[in-house]
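Report on one structure; see the data block that follows.
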Protein chains: 2
Amino acid sequence: MRESSVAGIQRGLHGQIVEVMAQRILSGTIPEGATINVPDLQADLGVSLTAVREALKVLTAKGLVDARQKRGTFVRPRTDWNLLDPDMIRWHFSDSDVRPELLEELHEVRGIVEPAAARLAAVRAQDSHLEALDIAMAAMESATDDLAAVAADLAFHRALLAATGNELLTKMEVIMETGLADRDRLVHKVKPSDDPVPSHRRVLEAIRAHDPVAAEQAMKELLAKAAEDLHEVRGA
Amino acid sequence: MRESSVAGIQRGLHGQIVEVMAQRILSGTIPEGATINVPDLQADLGVSLTAVREALKVLTAKGLVDARQKRGTFVRPRTDWNLLDPDMIRWHFSDSDVRPELLEELHEVRGIVEPAAARLAAVRAQDSHLEALDIAMAAMESATDDLAAVAADLAFHRALLAATGNELLTKMEVIMETGLADRDRLVHKVKPSDDPVPSHRRVLEAIRAHDPVAAEQAMKELLAKAAEDLHEVRGA
DNA sequence: TCCTCGTAATTTACGAATTAATATTGACAC
DNA sequence: GTGTCAATATTAATTCGTAAATTACGAGGA
């Protein structure tokens with residue numbers, strides 16, 4: 001099973017119910033506006049009322065369902081779901097039915113946020129942030145297998161967001177990481193020879209030089225290349 | 001009390017506990033890493049274990065706390081909090097101790113996302129989206145009091161994000177709206193004569209003309225003016 | 001010094017009772 | 001005869017007190 005659940009940690013029996021119910025709602029098995037029959041669910045899963053209840057409470061917190069006395073527990077309209085929640089992002093992609101549209105949107109957001117983040121990082125990066133970027137860079141250079149390469153890539157982009165000094169931007173790392181992991185997964189299979197080091201180094205050096213324009217440009221180029229690779233792979 | 005809680009709806013007794021605990025944690029009354037004594041809390045608030053438990057379950061879902069058997073329930077480090085959650089944003093600003101830093105960061109994110117959103121909207125806006133923008137525009141023009149003006153402003157920016165056709169961007173309306181509401185609250189007191197219509201109309205017409213460059217530029221100018229106003233007011 | 005097992009403390013789960021909101025039905029007025 | 005308002009019955013969420021499961025820590029032995 002999933003060992004390192006970085007996001008919202010839901011342990012125990014009811015944690016499994018949360019996953020199951022979330023999957024059912026996100027996949028559309030239980031459609032928007034449908035009422036959830038709690039006693040039936042209780043019987044189906046063979047657990048107590050409290051366990052189901054606590055699971056639904058978590059889903060309520062994420063905007064997926066809404067419980068009203070006497071009327072029942074409903075699935076809220078999709079517009080009310082907290083798609084920016086780390087768990088929600090994870091649930092979206094952990095299941096078999098990957099959603100191509102959401103993946104596209106994810107890359108689009110990445111294309112908006114990361115160049116701006118690079119610009120801000122160039123202006124405000126502290127020594128500690130540069131150090132983190134250097135470490136990620138070194139790991140990327142010395143990576144031998146795919147796993148290490150992807151980890152280093154993730155670490156770099158995480159450090160970049162942190163270097164902006166903006167907490168809200170830093171929180172968007174979940175979006176960046178999912179998009180990045182998707183790209184890596186696809187591209188590394190087809191173009192294993194591709195070297196991500198030069199493009200990342202250009203970003204890093206621009207940040208170190210406190211040159212916001214160059215940093216933004218370098219990041220745009222990095223993303224353009226990533227998009228190109230992705231397009232190439234999709235075509236094939 | 002709060003009547004229209006747009007975000008995650010937590011009704012009943014335990015909903016109040018959620019608010020109380022969230023405020024205590026966000027304000028730092030209960031510091032990061034502190035253990036929450038559940039029996040004490042139960043006694044303090046005079047409610048049952050289940051009520052407290054369900055409240056903590058919601059906070060767990062938002063990354064605020066983590067419960068481990070035998071060790072207790074802890075406040076998680078700030079880096080794990082889901083600041084992008086609508087409830088979290090609301091709780092941050094509903095209390096007396098407004099956080100100037102987070103407000104600054106909010107405006108920064110707005111400055112990154114909204115111009116890009118305007119650009120995308122110019123490319124992809126459907127008729128229904130343009131209609132929504134028109135309605136907001138008309139409401140802005142005919143607004144007589146501050147309340148109506150702010151509502152129209154919010155509606156416009158919400159419609160703009162929706163017009164991008166990107167669900168993730170649309171979800172960032174919470175951030176945009178909070179920043180916008182803050183600006184309006186401050187500025188309208190000092191410069192009530194200020195007319196927001198022309199700048200918004202320029203954005204709208206650029207979108208209608210499907211001119212992404214003009215739309216992005218118009219939005220940048222709108223935000224620059226907003227930032228200028230804010231700076232002016234802060235100085236005074 | 002390291003491994004194993006027992007104990008204590010705390011979360012987690014259960015089933016019953018309570019509370020609250022809605023729909024239905026009846027009566028009264030128009 | 002019809003429409004509106006109020007009281008009541010019904011239904012599902014909410015809350016409660018208690019029992020069970022889990023796991024970290026410490027003691028004892030190899």
Side-chain angles (χ1 to χ4, degrees), chain A residues 1-5 7-22 24-25 30 33-76 80 87, chain B residues 1-5 7-22 24-25 30 33-76 80 87:
Chain A
M1 186 63 75
R2 185 176 306 278
E3 211 48 294
S4 63
S5 173
I9 298 164
Q10 297 293 343
R11 290 169 227 278
L13 174 56
H14 102 272
Q16 296 174 18
I17 307 173
V18 171
E19 296 257 344
V20 171
M21 291 302 295
R24 286 189 189 174
I25 294 172
I30 307 174
T35 83
I36 296 170
N37 192 324
V38 178
D40 277 11
L41 188 63
Q42 196 187 156
D44 276 13
L45 301 173
V47 293
S48 84
L49 175 66
T50 313
V52 175
R53 218 181 127 59
E54 293 196 341
L56 291 175
K57 207 50 89 181
V58 173
L59 298 182
T60 304
K62 298 193 187 299
L64 279 174
V65 304
D66 181 21
R68 308 286 293 267
Q69 283 196 343
K70 160 72 186 172
R71 303 194 31 141
T73 303
F74 309 95
V75 178
R76 291 179 73 180
D80 292 340
D87 288 319
Chain B
M1 188 56 82
R2 184 175 308 279
E3 209 51 292
S4 64
S5 173
I9 297 164
Q10 298 293 342
R11 291 167 224 279
L13 174 56
H14 101 272
Q16 296 174 18
I17 306 173
V18 171
E19 294 257 343
V20 170
M21 290 303 294
R24 285 189 189 174
I25 294 172
I30 306 175
T35 82
I36 295 171
N37 192 324
V38 178
D40 277 12
L41 188 63
Q42 194 187 159
D44 275 13
L45 301 173
V47 293
S48 87
L49 177 64
T50 310
V52 174
R53 216 181 129 58
E54 293 197 342
L56 290 175
K57 207 49 90 182
V58 173
L59 298 182
T60 304
K62 298 192 187 299
L64 279 174
V65 303
D66 181 21
R68 309 286 294 267
Q69 284 196 342
K70 161 72 187 171
R71 307 203 19 145
T73 304
F74 307 96
V75 177
R76 291 179 74 180
D80 293 339
D87 288 319

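So that the names make sense, note that chain A is the first sequence line, chain B the second, and so on, each numbered from 1. What you see is a predicted model, and the numbers here were worked out from it, not measured in a lab. Basis for what follows: all heavy atoms, side chains included, without hydrogens, waters or symmetry-related copies.
Taking the side chain as every heavy atom from C-beta outward, B:I30 and B:M21 approach each other to under 4.5 Å. Here the side chains of A:Q10 and B:K57 are in contact, with some heavy-atom distance below 4.5 Å. Annotation: side chain of B:R11 is not in contact with side chain of A:Q69 (no heavy-atom distance under 4.5 Å). When side chains are defined from C-beta on, B:V18 counts as touching B:L59, because their heavy atoms get closer than 4.5 Å. With contacts defined as side-chain heavy-atom distances shorter than 4.5 Å, the pair A:R24/A:L41 qualifies.
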> Under the side chain to side chain contact (heavy atoms under 4.5 Å, CB included) criterion, do A:V38 and A:L56 qualify, and how do the steps go?
Replying inline: CA-CA 9 Å; A:V38 178; A:L56 291 175; 4.0 Å; yes
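The distance from atom CD of B:Q10 to atom P of D:dT15 is 11 Å, rounded to the nearest whole Å. B:R53 places its CZ atom 13 Å from the C1' atom of D:dA20, with the value rounded to the nearest Å. For A:R11 and D:dT23, the CZ to C1' distance is 12 Å, given to the nearest whole Å. Going from atom CG of A:L13 over to atom P of D:dA20 covers 17 Å, rounded to whole Å. Atoms CG (B:D66) and P (D:dT23) sit 13 Å apart, rounded to a whole Å. In this structure, A:Q69 atom CD and D:dT15 atom C1' are separated by 10 Å, rounded to whole Å.
In this structure, B:T50 does not reach the D:dG17 phosphate: none of its side-chain N or O atoms is under 4.0 Å from OP1 or OP2.
Listed by residue number, B:V47, B:S48, B:L49 are the residues of residues 37-49 of chain B with a heavy-atom contact under 4.0 Å to DNA chain D.
A pairwise comparison of heavy atoms in A:V47 and A:V52 identifies CG2-CG2, 3.7 Å as the closest pair. Minimum interatomic distance between B:A61 and A:V58 (heavy atoms only, all atoms of both residues): CB-CG1, 3.7 Å.
Rounding to the nearest 0.5 Å gives a distance of 8.5 Å between OG1 of A:T50 and CD of A:Q42.
Mapping A:K70 and A:A51 onto DNA chain C by nearest heavy atom places A:A51 at the nucleotide closer to the 5' end.
Bracketed by its first and final contacts, the part of DNA chain C lying under 4.0 Å from non-hydrogen atoms of chain A reaches from C:dA13 to C:dT22 in 5' to 3' order.
Counting any heavy atom pair closer than 4.0 Å across all strands shown, A:R71 reaches sugar-phosphate atoms only and no base atom. Backbone-only engagement by B:R68 is indicated by non-hydrogen atom pairs under 4.0 Å involving sugar-phosphate atoms exclusively.
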